[in-house]
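To start, the structure itself, in structure tokens.
Proteins come first, then strands; the chains are lettered A, B, ... in the order of their sequence lines, and each starts at number 1.
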There are 2 protein chains.
Amino acid sequence: MNTTDIDATRLQDISAFDGSLAHKVYLALQEAILSLQFLPGQVIRKGPVCEKLGVSRSPVSEAIARLANEGLVDVIPQSGTRVAYFSMEDIREGTFLRQALELASVAKVAEDRSEDQFAQINRNLRLQTLLVEDLDYSGFYQADEEFHALLMLFTGYPRLKTVARMVSLQVTRARMLLLPTPGRATETLDEHQAVVDAIRARDADAAQRAMRHHLGQLMPRIEALAETRPELFQSR
Amino acid sequence: MNTTDIDATRLQDISAFDGSLAHKVYLALQEAILSLQFLPGQVIRKGPVCEKLGVSRSPVSEAIARLANEGLVDVIPQSGTRVAYFSMEDIREGTFLRQALELASVAKVAEDRSEDQFAQINRNLRLQTLLVEDLDYSGFYQADEEFHALLMLFTGYPRLKTVARMVSLQVTRARMLLLPTPGRATETLDEHQAVVDAIRARDADAAQRAMRHHLGQLMPRIEALAETRPELFQSR
DNA sequence: CTATGAAAACTAACATGTTAGTCAACCAGA
DNA sequence: TCTGGTTGACTAACATGTTAGTTTTCATAG
């Protein structure tokens, strides 16, 4: 086994997932790529994947087709498939698209929210405060994700969350390289607080400004990674 | 052949397209669905499709998987595939997503555009004027599409156009039902003019307002369709 | 030692065979 | 006529066989 191959044994058991076989395989591969267990540039061979997961080539091919569509892998026709390198252009674009969707969402929610919806958002924020106090960064990360998911949910548009996730998959992967720090967690909390305050006041403009400011913090931190981990970035 | 089946003979020859066979099949099916040659509720059988296009089930299956992912067809597991009905919820959501992306784009372009880019946008607008004068509605539709495509192109984000198209495929299909009228074409032209004026002035806010107003004209016209053509809409 | 090119080895893409889930038609019994 | 169950036809999903294009290897010529 060449060192440029993925280590298929790292794939988690697909019986944990549900849906079609192809969907299970897709989730397993995506998870491995996003968590950086499969590194950029590594070659994905169908053989080992089929063997490890105990399925035939069909569901694996379908899964890879979806990953290629999302830009997580590059398929070289008649030749091979490899885990996509990080690309600052892709990440910038993903951030832009994500921001466009988040801004539209937060404005709509600020205008249309019910009292109960606001209560749920506020409850999530208080949970975040608690987790920061307890220095539980993994929990905080989860609550952070849920905060944004709640906003999208409350727009009443079910596909929004899915689309937002899809367009910013590269960003999600890059975030895995960012180490959580007490300082950043506290800042994040303040930024979320500003968003919630604006939603409380039903001030769509202020909510957008607060969200824009919040999301604007991410890109500079990712830019720094290109220096720290150049081997993960595009072109060889 | 049941009347609820698609008429596979209406598929255009795939040799006109390029890319993999699966991609060609995908384009042919998408074209047929968007142009309403395949009507909502009709059953897509792989057999006739394979026969007409002269390919095996593999590329057809892959194409259908992509269409299902985009919401243009509904796959009932182990049972069948049918052309998706129009759904006002989907169309509203598609409009929302599209607007989010268009607003972000037009703001960025208003701020960052080069002189040459503005010239191209303005040239397109003048072409639109010409086509309206000549009552060439088909040409105007095309120029309209290109107008929005140019704005997205000039953001410098290559995937933007693709994503915007994908999220609003249902809207695109619904637009096919709207008959072009001289009045609406003239209005559209004025709305585009306002957008261009704001871009000329590098006024991002005004550009967003103008674009929001422009895009806001579409949804009411589509809403009216649910009354006119209820058989195309969801639930039986 | 380097350049070259032919062929072997490997791959995605495509074709086809198989399995198992769904659904409608039919029939028996009330 | 209606109900409930059984069967069989049909389908997507999955498995496997085949093809054609790409890359690497390696012998040979320069």
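Comparing A/A22 and B/S79, the nucleotide of DNA chain D nearest to each residue sits closer to the 5' end for B/S79.
Whole-Å rounding puts the B/I76 CD1 to C/dG21 P distance at 17 Å. As a whole-Å value, the separation of B/D74 CG from C/dT22 C1' is 16 Å. Put simply, CG on A/L21 is 12 Å from C1' on C/dA20, counting in whole angstrom units. The nearest whole Å value for the distance from the CZ atom in A/R66 to the C1' atom in C/dA12 is 20 Å. Rounded to a whole Å, the CG atom of B/L53 is 13 Å from the P atom of C/dC14. Taking atom CZ of residue B/R45 and atom P of nucleotide D/dA12, one finds them 8 Å apart after rounding to whole Å. In this entry the distance linking CG of B/N69 with P of D/dA12 reads 17 Å, nearest Å. Straight-line distance from the CG atom of B/L67 to the P atom of D/dA12: 13 Å, rounded to whole Å.
For the pair B/R173 and B/F86, the cation-pi criterion (under 6.0 Å, within 45° of the ring axis) is fulfilled.
In the set C/dA12, C/dC14, D/dA13, C/dA12 carries the atom at the smallest distance from any side-chain atom of A/Q78.
Interface residues of residues 56-64 of chain A facing DNA chain D, ordered by number: A/S56, A/R57, A/S58, A/P59; criterion, heavy-atom separation under 4.0 Å.
For the residue pair B/K46 and B/S61, a side-chain donor N or O sits within less than 3.5 Å of a side-chain acceptor on the partner.
Although no hydrogens or angles enter the test, the distance criterion places no donor-acceptor pair under 3.5 Å between the side chain of B/S168 and the main chain of B/V171.
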Next item on the list: Evaluate the side-chain hydrogen bond (donor to acceptor under 3.5 Å, both in side chains) criterion for residues A/N124 and A/Q120: first the C-alpha distance (whole Å), next the side-chain angles of each, then the deciding distance (0.1 Å), finally the verdict.
Entry: CA-CA 6 Å; A/N124 172 281; A/Q120 281 187 250; over 6 Å; no
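Side-chain contact between B/L72 and B/Q30: present, with at least one pair of heavy atoms (C-beta onward) separated by less than 4.5 Å.
A side chain to side chain contact (heavy atoms under 4.5 Å, CB included) with B/Q99 holds for exactly one of B/M211, B/R212, B/H214; it is B/R212.
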